[in-house]
J.: 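Take a look at the following structure, please.
Throughout, residue positions are numbered sequentially from 1 according to the sequence presented. Keep in mind it's a predicted model, so treat the numbers as computed, not measured. These values consider heavy atoms only, across backbone and side chains, with no hydrogens, waters or symmetry-generated copies.
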Amino acid sequence: MNGLQHTPGFEGSYLGAADRISPRAVMECKICWTPYDPAEGDDTRQILPGTAFTDLPDDWTCPGCTAPRAQFLVREDPGAAEAAILNAIDRRTAALVADFTEVFNARMRDLPMVNAALHVEAVAFQPWDGGALGVLVAPWFMNLILLPGPDRPVLATGEKEVIGFPSGDYEFLHNSREMTGPYLACSLFSPMGDFSSQLQAVDVARAVMAELFRHENRAETDRAAEIRAHAEAGLAEAGLAEAGGTEAGQAQTDGAGANGAEATAAGAEPSRRRLITGGLAE
Ligand code: FE
């Protein structure tokens with residue numbers, strides 16, 4: 001969360017860095033101290049209340065001294081903390097997309113399992129538990145991704161962690177990449193052959209994020225977990241569960257192990273995955 005800390009000496013002067021000003025920022029002219037408050041707008045230019053400083057027309061000038069817009073400084077910004085968090089999430093998801101685009105170009109692009117209609121895209125990432133949660137769409141998989149906050153322990157690559165959401169509990173694998181840093185991934189789809197377009201994949205990714213946070217889904221998930229536990233107990237007796245789980249984990253850890261991810265999804269968590277993916281691509 002280093003990106004969230006204020007840089008000394010920069011706090012009052014956001015010139016040239018409009019993305020650091022939130023829509024709620026109250027600005028003031030550094031020449032005559034006339035304020036611009038988005039809650040009030042500007043009568044002299046028929047600027048409606050609710051207009052953010054960054055949305056003012058380019059030729060807007062100070063109502064007090066006609067100084068150009070660039071002469072304004074931040075007086076107070078009640079939305080600054082939130083804006084900083086969202087900017088930090090943007091930076092982390094950009095690194096994630098860069099990492100997996102590189103994997104695609106280096107190792108995946110010529111494999112038959114790849115869906116050429118798709119590209120790597122971070123979808124619906126939002127603040128969660130001090131970090132960010134969203135869906136990563138790629139030509140060969142769709143995963144829930146947690147970019148962990150500073151308080152979440154970083155486990156070794158391939159370690160499993162069950163994380164609870166309103167709709168139920170989901171198993172994530174810890175992993176790490178050079179640009180992204182540590183992250184956790186929960187497999188949703190792999191391979192991606194059933195998706196006809198990037199737009200369709202993104203729509204499904206958004207729907208997954210919505211379903212994940214719905215309490216109404218929980219009862220069915222718990223029942224699925226119960227059924228799964230029975231099935232796994234049966235497998236363990238047959239001496240198959242552990243071997244299968246290890247293989248799936250290693251393959252998915254590799255980041256290119258779509259078949260391993262599919263084995264995990266199809267073997268250990270079919271009902272749960274179907275729940276948040278609406279049965280698509282089943
Ligand atoms: Fe002024």
Side-chain angles (χ1 to χ4, degrees), residues 92-93 95-109 111 113-114 120 122-123 125 128-165 168-192 205 208 212 221 224-225 228-229 231-233 235-236 238-274 276-277 281:
R92 294 182 77 180
T93 54
L96 182 69
V97 168
D99 255 335
F100 278 90
T101 300
E102 192 179 296
V103 170
F104 175 71
N105 287 328
R107 291 158 53 187
M108 301 303 297
R109 64 184 317 150
L111 299 186
M113 63 172 295
V114 161
V120 179
V123 180
F125 275 78
W128 191 84
D129 189 35
L133 180 79
V135 173
L136 188 67
V137 171
W140 69 103
F141 69 83
M142 187 189 300
N143 286 350
L144 264 177
I145 299 281
L146 173 59
L147 301 170
D151 295 334
R152 182 170 290 279
V154 173
L155 303 185
T157 290
E159 288 288 315
K160 294 173 181 175
E161 181 174 352
V162 174
I163 301 177
F165 292 94
D169 298 333
Y170 298 85
E171 187 178 275
F172 285 71
L173 285 176
H174 281 257
N175 213 323
S176 182
R177 290 208 169 271
E178 193 174 338
M179 287 181 274
T180 305
Y183 67 93
L184 293 87
C186 172
S187 176
L188 296 169
F189 298 98
S190 187
M192 295 288 281
V208 163
L212 189 64
T221 303
R228 189 170 57 252
E232 280 170 358
L235 279 174
L240 297 172
E242 196 180 333
T246 303
E247 188 186 325
Q250 282 176 348
Q252 194 179 1
T253 296
D254 191 39
N259 291 335
E262 180 64 16
T264 302
E269 2 179 29
S271 302
R272 189 183 339 171
R273 187 178 70 152
R274 192 174 300 121
I276 57 167
T277 58

J.: To check you understand the geometry: which heavy-atom pair defines the closest contact between Tyr183 and Ile145, and what is its length?
T.: CD1-CD1, 4.0 Å
J.: Suppose we screen for side chain to side chain donor-acceptor pair (under 3.5 Å). Which residues come up paired with Asn105, at least two apart in sequence or across chains?
T.: Arg109
J.: To the closest 0.5 Å, what do you measure between OG1 (Thr101) and CG (Leu96)?
T.: 9.0 Å
J.: Only counting residues at least two apart or in another chain, list the ones meeting side chain to side chain donor-acceptor pair (under 3.5 Å) with Thr180.
T.: Asp99
J.: With a cut-off of 3.5 Å and sequence neighbours excluded, list every side-chain donor-acceptor pair involving residues 130-138.
T.:
none

J.: With rounding to the nearest 0.5 Å, note down the distance linking CG in Leu173 to CG in Leu155.
T.: 10.5 Å
J.: Which heavy atom of Thr93 sits nearest to which heavy atom of Ala122, and what is that distance?
T.: CB-CB, 3.9 Å
J.: Could you check whether the rings of Phe100 and Phe141 sit parallel, tilted or perpendicular, using 30° and 60° as the cut-offs?
T.: perpendicular
J.: Just verifying a value: how many Å separate Thr157 OG1 and Asn175 CG, rounded to the nearest 0.5 Å?
T.: 4.5 Å
J.: Any side-chain heavy atom of Cys186 within less than 4.5 Å of one from Phe172?
T.: yes
J.: For residues Pro182 and Arg92, report the shortest heavy-atom separation together with the two atoms involved.
T.: O-NH2, 4.4 Å
J.: Evaluate the side chain to side chain contact (heavy atoms under 4.5 Å, CB included) criterion for residues Ile163 and Tyr170: first the C-alpha distance (whole Å), next the side-chain angles of each, then the deciding distance (0.1 Å), finally the verdict.
T.: CA-CA 5 Å; Ile163 301 177; Tyr170 298 85; 5.7 Å; no
J.: Restricting to non-hydrogen atoms, name the atom on Met192 and the atom on Trp140 that form the minimum distance, rounded to 0.1 Å.
T.: CG-C, 3.6 Å
J.: Just so I know, are the side chains of Glu102 and Glu178 near enough to count as touching, which here means a heavy-atom distance under 4.5 Å?
T.: no
J.: Identify the two heavy atoms, one from Ser187 and one from Asn143, that lie closest to each other, and give their separation to 0.1 Å.
T.: CA-OD1, 3.2 Å
J.: Side chain to side chain donor-acceptor pair (under 3.5 Å) with Glu161: which residues, sequence neighbours excluded?
T.: Arg152, His174
